[in-house]
Number of protein chains: 2
Amino acid sequence: MTQSQTETTSTARDEGRAAVTVALANDYEVVVQGLERMLAPYGVRVEVAELDMNMPVGQPVDVTLYDTFSQPQVDRDAIDRILASPWAGKVVVYTWNVQAALVSTALEKGVAGYLSKTLSAEELVDALERVHRGEVVVLTGDPDDEPGEDDDHEPSEGPTAGDWPGREQGLTAREAEVVALITQGLSNQEIAERSYLSINSVKSYIKAAYRKMGVDSRTKAVLWGVEHGLTPDRGRRIVR
Amino acid sequence: MTQSQTETTSTARDEGRAAVTVALANDYEVVVQGLERMLAPYGVRVEVAELDMNMPVGQPVDVTLYDTFSQPQVDRDAIDRILASPWAGKVVVYTWNVQAALVSTALEKGVAGYLSKTLSAEELVDALERVHRGEVVVLTGDPDDEPGEDDDHEPSEGPTAGDWPGREQGLTAREAEVVALITQGLSNQEIAERSYLSINSVKSYIKAAYRKMGVDSRTKAVLWGVEHGLTPDRGRRIVR
DNA sequence: CGAGATCCCACCCCTACAGGTGTGGCGGGG
DNA sequence: CCCCGCCACACCTGTAGGGGTGGGATCTCG
């Protein structure tokens, strides 16, 4: 009943407006597939056109959603390449790393949206639509975000969790990200820099992850990562 | 001309005697294939029946040749399992590790041949035939081996080198073995114990290998190993 | 023949990096 | 309240790795 009401409401609100076409970008198939599943219930508003793993956008889309799981943050040039693509449309960053410095770097580079992974799926869809309409949207999950704007924060519908490799094996998102970066060959210090964590935090995550993985050395962790999909994928899946 | 003379000689000597059937055992396909190629010119004397990677012998053979590249030595129980197989026939060890302690352990366990990898292909074939005839053969490459026996040490024919993963990339056999053990997740100390080298030798090999591989950390070395076939294989190839 | 290269093997000194043990704070949810 | 996830810290030990050295055996070439 509530479900059908939601559909009706959405349809009424978006009457005569085409769905936003979105490309999903991240190096791990599990991640982009998790995003796809998250957005699926909102198909009339947001249409996933393709999933890009380690590949540039392959067709013109309205928005490219860049998930930063185990990826360079916006202070590195990966985002520049997406921004430079004539097909990527508006570029939106979807991330745990909501530090102000990263936000401002992103905006300076021309990123049109900087969204925290704490958003619900509906909030994410709202934001994508707003970006498509020409707004610059920053939602870091901070209650002070967008002061004086849109206070109807009723409980949102839809899951808040995407997916990530290692999840089935019990790793939290952050643990998995750290393990993925290990599996990419990075040292602890490099991981700290890449993920905007302190070296101590990295070590803590490693410790916790190793316990769950049942390994006691980095070498074994890399092998575990290779076997459990923690190595980056490469490819493109055209949905539309 | 010399070639045809050799053939004629071999045929005359082995008249009326079937070829020795041999299973080749090692965890790396490249290694057992290298052995297969090494023995191929001697097909009328030694017939390779199957290649076993991480698998028990699958059919009755006269001799099983166990190559110790990146494998447990005879002081571990891997050899016990081969010896216990009703199909393995006589078990021969082919190795760089010719320490007296290992030789005596092997013989105590019932190994019928302990052969150094410095032997030529022809010497290897000779040894396999002798084992098949019921002899216990130890050839460590020491000039004092088998005193007073068979002094016609004319230059042997056939290559002395088998094959190993990483060879194409410029790694020596020992370097490759150490890298393979790293890629199996072993620590330096564990590698030293497994390969009967000092910890210092292990480090030296690692240093030299890393230079050739273009890596500077164990993590990257493992990834290199995974990409270049240094992870153990699994399977059986029936030739006969 | 001697020199040089290569491989196997070993060693030393030192620094860098990884990892174990333990601690604590904050926010959210049950 | 407890639990979990995210985040951070301190202290300490263990492991890894860089630079350098040298010996023995074998092979190739001048």
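Residue numbers start from 1 in every chain, and the chains themselves are labelled A, B, ... in the order their sequence lines are given, proteins ahead of strands. The figures here come from the full heavy-atom set of this structure, side chains too, leaving out hydrogens, waters and symmetry mates.
Between B:L186 and A:G170, the residue anchored nearer the 5' end of DNA chain D, judged by the nucleotide with its closest heavy atom, is A:G170. Each of A:V202 and B:Q189 lies near DNA chain D, and the nucleotide nearest A:V202 is the one positioned closer to the 5' end.
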For this session: Let me see the working for B:D126 and B:R45 under salt bridge (charged side-chain N to carboxylate O under 4.0 Å, His left out), right down to the final yes or no.
Result: CA-CA 9 Å; B:D126 283 346; B:R45 301 166 62 184; 2.6 Å; yes
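We find that OH of A:Y196 is positioned 18 Å from C1' of D:dA8, with the value rounded to whole Å. When the P atom of C:dG20 is taken as reference, atom NZ of A:K203 falls 11 Å away, rounded to whole Å. A straight line from OH of A:Y205 to C1' of D:dC6 spans 4 Å, rounded to a whole angstrom. In this entry the distance linking CD1 of A:I199 with P of D:dA10 reads 13 Å, nearest Å. Look at CZ on A:R167: it is 12 Å from P on D:dG5, rounded to the nearest Å. Rounded to whole angstrom, the span from the CG atom of A:L171 across to the P atom of D:dG5 amounts to 11 Å. Rounded to an integer number of Å, the gap from CG of B:L197 to P of C:dC8 is 10 Å.
In the model, B:R194 has no side-chain atom that pairs as donor or acceptor with a side-chain atom of B:N97 under 3.5 Å. Looking at A:Q184 and A:T231, their side chains never bring a donor and an acceptor atom within 3.5 Å of each other. Counted by atom type alone, B:E123 and B:S120 present one or more donor-acceptor pairs between their side chains at under 3.5 Å.
Among the nucleotides D:dC7, C:dC9, C:dA18, the one closest to any side-chain atom of A:R174 is D:dC7. When the nucleotides D:dG18, D:dC6, D:dG17 are ranked by their closest atom to the side chain of B:R218, D:dG17 comes out on top. Side-chain proximity of A:K212 to the nucleotides D:dG5, C:dC8, D:dA16 is greatest for D:dG5. Distances from the side chain of A:A173 to the nucleotides D:dC6, D:dG17, C:dG19 place D:dC6 closest. The side chain of A:K207 sits closest to C:dT21 out of D:dC9, C:dT21, C:dG19.
Here B:S217 lies in heavy-atom contact (under 4.0 Å) with sugar-phosphate atoms only.
For a distance-only test at 3.5 Å, the side chain of B:S204 qualifies as a donor-acceptor partner of the base of C:dC11.
At D:dC4, none of the side-chain N or O atoms of A:T172 fall inside 4.0 Å of OP1 or OP2 (strictly under the cut-off). Residue A:Y210 places at least one side-chain N or O closer than 4.0 Å to OP1 or OP2 of C:dG19. Distances shorter than 4.0 Å separate some side-chain N or O of B:N188 from OP1 or OP2 on D:dA16. The shortest distance between the side-chain N/O atoms of B:S201 and the OP1/OP2 oxygens of C:dA10 is below 4.0 Å. One finds a side-chain N or O of A:N200 lying less than 4.0 angstrom from the OP1 or OP2 phosphate oxygen of D:dC9.
Taking the ring centroids of B:F69 and B:Y28, they lie under the 6.0 Å cut-off.
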